[in-house]
Amino acid sequence: MRIRLTLFLIFSLAIGLSAAGSDLSRNSCIQCHQTLDEKHIAIVNDYKSDIHFLRGIGCQGCHGGDARVGFAEGDPSISMDPAQGYLGAPQPQQIPRFCGKCHSDVEYMKKYNPGLRVDQEQQYRTSQHAKLLAKADTNVATCISCHGVHGILPVSDTRSPVHKLNIPKTCARCHSDATLMSGYRIPTDQFELYQKSVHGVLLLEKKDRSAPTCADCHGNHGATPPGLVTVSQVCGECHASNRDLFNESPHKAAFTELELPECETCHGNHEVAKTSDEFLGVGEKSLCLECHSDPHSRAYQVAEGTKATLDSLKAEIDKANKLVAQAERAGLDIAAAKFDLKFASDAVIKIQSLSHAASLEMVQEEAGPGMFKAQLVEKKAKEALKDARVRQYGLAGSGVIIIILAILLFLKTKEIDRQTGR
Amino acid sequence: MPLSFWIKKSASWLEQRIDLSALKEVITHKTVPQHKHSLWYYMGGMTLFLFFVQVVTGILLLLYYRPSAEAAYESIQFIMTEVKFGWLVRSIHSWSANLMIFFAFLHLFSVFLLKSYRQPRELTWVSGVLLFFLALGFGFSGYLLPWNKLAYFATKVGTEIAGAVPFIGTFVMKFLRGGEDVSGATLTRFFGFHVAVLPMLTTAFLTIHLLLVQKQGMSCPIGVSQNPNQKVIPFFPNFLLRDLLGWVVALGILVFLASVFPWELGEKADPFSPAPAGIKPEWYFVFMFQTLKFIPAKVLFVDGEILGILAFTVLGMLLLFVPFLDKRSARQLRTPILSAVGLFAIIYILALTLAGYLMK
């Protein structure tokens, strides 16, 4: 009986100890901070919605010390005793380790979220931010710059500054600050450009989370500018087919030699614009002309030929589309033809992608069957429309018969009227 | 054997079994007055002919039409593309429907202006007006059946107007729609009205209407009827041949319209797409629709739209009871006020319809 009672007491004490941190009424840190100035009260209020607090981790989980004592005794130093492991507020340089203490501990993190990565600190050490931090530059971002301090929300929470939709603005907080960035000699217009880019419009306006944010190209914890070689790899993560075509193209070797960033040279980086077929060819908006302005050069001819092939295929599809629409409006069945037209439209998309290979042969090879299908659809639609006209003339013919019948009836009426003397 | 022999033989065979003398009497002795207004006598027959065209083409369409939101549009597409002469049947059905309503208007107004409704033909008039309302019902319900975009939104607006009627509006709208909104349920019940309820009622009223016409003969306009030397022609075959001539011409016009201007199917209805600009009901509803648009939002604290709907309802009731309101013409006296009302109605309908099509 006595053993049972002892076991019960030990068990109760254990629960009491672990819960002490998250029990507001028995937490000395909170009890005391609530009586201090606004700044300290704000910390308490923020922490009430913090993911750590919600998971049962009290103040001492990060700051050390003993939250169970101090307030009742009227002596805060008891709880903030360095001998009890009290760490206080960490200096910027200490923050990565401060968080990494738990977040780099596989065994510890398993208890809370087995799926969560534990290499954030390791990644961070490779980042540009960490490299400068190591040189005692405390202006750079540490964990808390992006995640917040006492009100840390899970990444999946849309209010979190590191939620996918909020990342660009979070980075921009520092990177658009001209004063802050002046010492680093890097531009501050990235966010402004990104906002207008095809990626930015998708993410920020259309809330499409599949669009890349800053972190998708630069890395998140290991944030660093992608180097010359890594640019096409970064873009190629999503645009794999274009990357492969580019790697096979004559541009690959030339760009390497000229030390040009691959995708970025034509598409830009933060300002990546929505692509247009006008980028190809030798027209006013052509990108090819920036390097290949000699009309006698092979490259100029490839550019011209690619655009011309694409344009003629598009024109053919357009023609077919109009005929199909006309036939549809007339109620003719051209479902099969419409399906073929889809094949031709797919060829356009393939050619747009093939432009990365800078090969006129490949473009023409793809355009051939697309053109054939588009012409086939045109032919079918024309035949259907012709058939409709034949029907109309056929019926106009039957109209003639009806008119003759009407005339005969009229004559018969007159005859009968005469016979009956009316 | 000549054809006349077989006709005679069949007639005598029938004569032995059924007393055909009454029919013979009608055929041989029925006459139709002939005067400067005789042309209007053919309007009813023309409407009837077009109604029969509707019945025949409607039955043919029924063989393939499927009344559901998922299949209606596709089934009409199938009728127009795969079924032999399906496109013709559907096109004729649509054109004939419009011509039928046009001739029904002509018939109604000619009878009204010639005061042919006067005693003893009150019931003929009442049954005729009811048939006219049924024809409008056929038009309204049939318009939705192809389940295309225009029809969908026109029905939405049409049923919304019905919903604005005080007290019973919401119920009527929900009853017509089969729910809160125009949906597959609306299509199914419109189909039910179009092919079962309305045809049944029409058959009943048409039978009464035609029997009364046969029993009472053609009405002679006031003034003309006082002439003792009134010219007449035999109904059979003289009048019937003229009728037949009209029908053949109508058939020719129908065939011409159906083949040269085939009725388009349009885009499939998509309840989630925005309503297209300038939605209009079928032309025969445009004058009412336009009136509702012209009425101010508030007329002395009363909702303008409700006032308009109530006015049309009252006018419809008055139209039904015209023979009982017009006591003068029953005594063969002219009623210029009613003629003026009729002419005004025609001008009003024409003007408002025109405004509906010309104004944005």
Side-chain angles (χ1 to χ4, degrees), chain A residues 206 320-342 377-422, chain B residues 28 31-34 38 42 73-92 94-95 146 148-149 231-268:
Chain A
K206 300 191 176 158
N321 250 327
K322 279 182 187 148
L323 283 167
V324 163
Q326 199 184 335
E328 266 191 330
R329 276 201 304 277
L332 299 163
D333 180 30
I334 35 157
K338 259 181 105 177
F339 185 77
D340 283 344
L341 204 55
K342 213 170 147 38
V377 172
E378 259 177 69
K379 201 173 140 216
K380 278 185 190 168
K382 272 183 191 162
E383 272 170 12
L385 285 167
K386 194 176 155 198
D387 193 35
R389 273 194 293 276
V390 168
R391 284 178 187 176
Q392 290 174 356
Y393 293 135
L395 270 136
S398 77
V400 173
I401 298 170
I402 290 174
I403 291 170
I404 292 170
L405 185 64
I407 293 169
L408 290 177
L409 259 173
F410 177 74
L411 294 174
K412 183 78 186 168
T413 312
K414 288 279 152 207
E415 187 194 324
I416 286 179
D417 279 355
R418 266 199 307 278
Q419 279 172 6
T420 51
R422 308 280 171 188
Chain B
T28 49
T31 56
V32 177
Q34 211 177 19
S38 297
Y42 299 94
Y73 182 85
E74 284 76 8
S75 69
I76 294 197
Q77 214 165 30
F78 182 79
I79 288 170
M80 291 179 73
T81 56
E82 302 288 326
V83 181
K84 283 240 180 301
F85 290 103
W87 62 275
L88 180 65
V89 172
R90 194 237 160 184
S91 205
I92 287 187
S94 303
W95 273 114
N148 59 29
K149 207 170 170 178
K231 202 177 152 194
V232 292
I233 57 165
F235 175 78
F236 186 86
N238 302 47
F239 185 82
L240 198 63
L241 269 176
R242 286 171 166 82
D243 244 348
L244 207 60
L245 176 62
W247 297 353
V248 167
V249 171
L251 185 69
I253 292 169
L254 264 184
V255 164
F256 170 80
L257 289 171
S259 51
V260 180
F261 307 104
W263 207 267
E264 288 192 358
L265 182 53
E267 274 177 63
K268 186 177 174 171

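Letters A, B, ... mirror the listed sequences (proteins, then strands); counts begin at 1. The structure presented is a predicted model; accordingly, all values stated were derived computationally and were not measured.
For A:Ser398, the part sitting under 4.5 Å from any heavy atom of chain B is the side chain, from C-beta outward, and nothing else. Using a 4.5 Å cut-off between heavy atoms, B:Leu88 contacts chain A through its side chain alone, with no backbone atom that close.
A pairwise comparison of heavy atoms in A:Ile416 and B:Asn238 identifies CG2-OD1, 3.5 Å as the closest pair. Closest of all the heavy-atom pairs between A:Ala406 and B:Val249 is CB-CG2, 4.2 Å.
No more than 12 heavy atoms of other residues, nucleotides or ligands lie within 6.0 Å of NZ in A:Lys338, so this atom counts as exposed by the packing criterion.
A distance of 11.5 Å separates CG in A:Leu411 from CG in B:Leu241, rounded to the nearest 0.5 Å. The CG atom of A:Leu409 lies 5.0 Å from the CG atom of B:Leu244; values are rounded to the nearest 0.5 Å.
You'll find the side chain of A:Asp417 reaches within 4.5 Å of the side chain of B:Arg242, heavy atoms only.
A:Asp340 is linked by a side-chain contact (heavy atoms from CB on, under 4.5 Å) to A:Lys373, A:Leu376, A:Val377, A:Lys380, counting only residues two or more places apart in sequence or in another chain. Contacts of A:Leu405 classified as side-chain contact (heavy atoms from CB on, under 4.5 Å), with partners at least two apart in sequence or in another chain: B:Val248.
In terms of non-hydrogen atom pairs under 4.5 Å with chain A, the most contact-rich of B:Phe256, B:Phe78, B:Trp87, B:Phe85 is B:Trp87.
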